[in-house]
Undergrad: 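Sharing a structure, written as structure tokens. Questions coming.
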Protein chains: 2
Amino acid sequence: MARRESRRGRQAEAERNDRLVLEAARTVFAEQGAGAPMSALADLAGVGIATFYRRYGSKEELLQRLCLLSMEESIASAREAIAAEGDGWSAVAGFVRRCVDARVGSLGSAAGTIAVTAEMTAASELGRRLMEELVGRARADGTVRTDLTALDVSYLIEQFSRSPRGTEERANVSGRLLALALDGLRSGARREDLPGTPPDWETYSGRWYHADID
Amino acid sequence: MARRESRRGRQAEAERNDRLVLEAARTVFAEQGAGAPMSALADLAGVGIATFYRRYGSKEELLQRLCLLSMEESIASAREAIAAEGDGWSAVAGFVRRCVDARVGSLGSAAGTIAVTAEMTAASELGRRLMEELVGRARADGTVRTDLTALDVSYLIEQFSRSPRGTEERANVSGRLLALALDGLRSGARREDLPGTPPDWETYSGRWYHADID
DNA sequence: ATCTATCGGAATGAATCACTCCGATAAAGA
DNA sequence: TCTTTATCGGAGTGATTCATTCCGATAGAT
């Protein structure tokens, strides 16, 4: 029988692999795009290819699972950020950092190539509402530039989720660039308004529903 | 015989294609990575595949040419920025904008997969010197944060060169995010220092000399 | 009317990919 | 100790994709 806490032997290996496999998939798909070969995930995880297929029936299923986990992580982060004390900018910055850390939004390259499940749609809409609230509050308390929209923040997360962090040096660089961008979110005297028009959700989410097929 | 100015007919088409082909290659490799198929370039350019092979002997040769053109564009931009009047931040911001516009630095994904020519090495070193000067001056006049290095700027350009601009909406988003990041370069009271350590050139350029082969 | 430069894209052979199958390994239980 | 069972890694497979070549078509130029 399985022990309640910390199983042993083969079962422990399987549990370890559960995490290993998911983390490797996140990293590789984030950095190389959804077109990355399954063998690349296996190499990074240090396991055989079959270890992936024992857990997920297909590459598409794995991608769907990753998308859903991303959105759930993003929702949890947004809730915490909204509940946190402190000024609006700090809340937004903390939220963005956590999302980038978890590589939320790194799967844009899968848009149009995998089916969108009902769960994904629901999570996406909840996430959107929470982000609107978070950014709205930050604008209201004056610590974030007033022309910033929640969707700008989404795109920002998406962009930084993709940057490579495989080596210490790359992770270091990534952290510096993110710090720069986050400082750019602050309200401030010397700033000009953001150029162009606020992005729209239609375009942002529409990517997922129209396949890339000719 | 060919007329001096504006050739006609087939020759004009060939010249038009010269530009079309190069621009399509820049865009596709920037957005999809160096692994993009040649057919994708042809589709975007609206020409046949052979039109590429009539101009460049191989994919590798095309990538080398693009790299060199990128670096030359970057050098020209840096020279203009250094010569320009105005404060240091504006010079750096203008430089970055122009580089991102030209997709300089979007070929990082080709690193390790193509041979580095002597011309490329030389251009890279000159570019580096000019950027050090540009950023050094901007730091000195107090309009840019003092912990910013030239290499941070290089990585910034690289990151933004990859963002998709295929539709008006995506170009718009890209412009907004870049504006945010550029504002983050400014010196300012409320800022904390950039985290981590300054990136080093060894790592930055080293990517090109060690193939991805196992 | 013929020549010639250039074109587009089908054809080709090599390489890569998603996914399956199976022999090996080691924990658990008799 | 010996068998059972869960899990493992990676070679094997058929389908797909890619870089590159080749050739018939097209339209200026002469």
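Just so it is clear: chains get the letters A, B, ... in the order the sequence lines come, proteins before strands, and each one is counted from 1. What you see below is based on every heavy atom in this structure, not just the backbone, and it leaves out hydrogens, waters and symmetry mates.
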Undergrad: Pick out the pairs of N or O atoms, protein on one side and nucleotides 19-22 of chain C on the other, that lie under 3.5 Å.
TA:
residue	atom	partner	partner atom	Å
C:dC19	OP2	A:Tyr53	OH	3.0
C:dC19	OP2	A:Lys59	N	2.9

Undergrad: So for atom CZ, which belongs to A:Arg165, do other residues, nucleotides or ligands contribute more than 12 heavy atoms lying within a distance under 6.0 Å?
TA: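 Result for CZ/A:Arg165: enclosed.
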Undergrad: Does A:Arg98 CZ have over 12 foreign heavy atoms under 6.0 Å away?
TA: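 Yes, CZ of A:Arg98 has more than 12 neighbouring heavy atoms, counting only those of other groups under 6.0 Å.
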Undergrad: Measure from CG on A:Leu41 to C1' on D:dG9 and round the result to the nearest Å.
TA: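 One finds 15 Å between C1' of D:dG9 and CG of A:Leu41, rounded.
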Undergrad: Expressed as a whole number of angstroms, how long is the span from B:Asp43:CG to C:dG8:P?
TA: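 From B:Asp43 CG to C:dG8 P: 12 Å.
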Undergrad: Separation of A:Tyr56 atom OH from C:dA18 atom P, in whole Å?
TA: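 Going from OH in A:Tyr56 over to P in C:dA18 covers 17 Å.
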Undergrad: A:Asn17 side chain N/O closer than 4.0 Å to the phosphate oxygens (OP1, OP2) of D:dT7?
TA: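 False: A:Asn17 side-chain N/O out of range (4.0 Å or more) of D:dT7 OP1/OP2.
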Undergrad: Can you find a side-chain donor-acceptor pair between A:Glu132 and A:Trp201 that sits under 3.5 Å?
TA: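 A:Glu132 vs A:Trp201: donor-acceptor pair found between side chains.
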Undergrad: Check whether more than 12 heavy atoms from other residues, nucleotides or ligands sit under 6.0 Å from atom CD of B:Glu119, and answer yes or no.
TA: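 No, not enclosed.
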Undergrad: Just N and O in the side chain of B:Thr51: are any of them under 4.0 Å from OP1 or OP2 of C:dG8?
TA: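 Answer yes for this pair, as a side-chain N or O of B:Thr51 is under 4.0 Å from OP1 or OP2.
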Undergrad: Considering every strand and a 4.0 Å limit on heavy-atom distances, what is the contact class for A:Ala36: base, sugar-phosphate, or nothing?
TA: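 Answer is sugar-phosphate: A:Ala36 comes under 4.0 Å of backbone atoms only.
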Undergrad: Check the distance between C:dT6's P and B:Arg55's CZ and give it to me in whole angstrom.
TA: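 That distance rounds to 8 Å.
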Undergrad: According to a strict under-4.0 Å criterion, is A:Arg16 in side-chain N/O contact with OP1 or OP2 of D:dT7?
TA: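 Answer no for this pair, as no side-chain N or O of A:Arg16 is under 4.0 Å from OP1 or OP2.
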Undergrad: If I take atom OG from residue B:Ser77 and atom CG from residue B:Leu130, how far apart are they, to the nearest 0.5 angstrom?
TA: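 One finds 10.5 Å between OG of B:Ser77 and CG of B:Leu130.
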Undergrad: If I take atom CG in residue A:Leu63 and atom C1' in nucleotide C:dA18, what distance separates them, rounded to the nearest angstrom?
TA: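 From A:Leu63 CG to C:dA18 C1': 12 Å.
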Undergrad: Looking at every non-hydrogen atom in both residues, tell me the closest pair between A:Leu107 and A:Leu63 and how far apart they are.
TA: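 For A:Leu107 versus A:Leu63, the nearest heavy atoms are CD2-CD2, 4.0 Å.
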